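As the structure is a prediction and not an experimental result, all values here were calculated from the model. In this chain, residues are counted from 1 in sequence order.
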Amino acid sequence: MHAETDPAPRPVPGPPPGHAPAGADARAAIDQAVAGLDDLDELTPAEHVERFDAVHTALAVALSSIDKV
């Protein structure tokens, strides 16, 4: 007979235990970048690219930090 053993714990999505969440920093960066879109109507279309790029970068950083990818 084989002794019953507990199976290994299943991995849980998210940062490793004990890791300090960077959610507040990421949220602040996203909020700041999105706030830069408020005055797009006052800018030339050429300047829109920089603003949209800042939002895209803030979102990419926040998403990549979810699983530390």
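- Among residues two or more places apart in sequence or in another chain, the side-chain contact (heavy atoms from CB on, under 4.5 Å) test is passed with V61 by T57.
- Across every non-hydrogen atom of A33 and A58, the tightest pair is CB-CB, 4.1 Å.
- Within a 6.0 Å radius of NE2 in H56, other residues, nucleotides and ligands contribute 12 heavy atoms or fewer.
- Across H48 and L40, no two heavy atoms sit closer than the pair NE2-O, 3.0 Å.
- Within the model, atoms CG of L63 and CD1 of I30 stand 7.0 Å from one another, a figure rounded to the nearest 0.5 Å.
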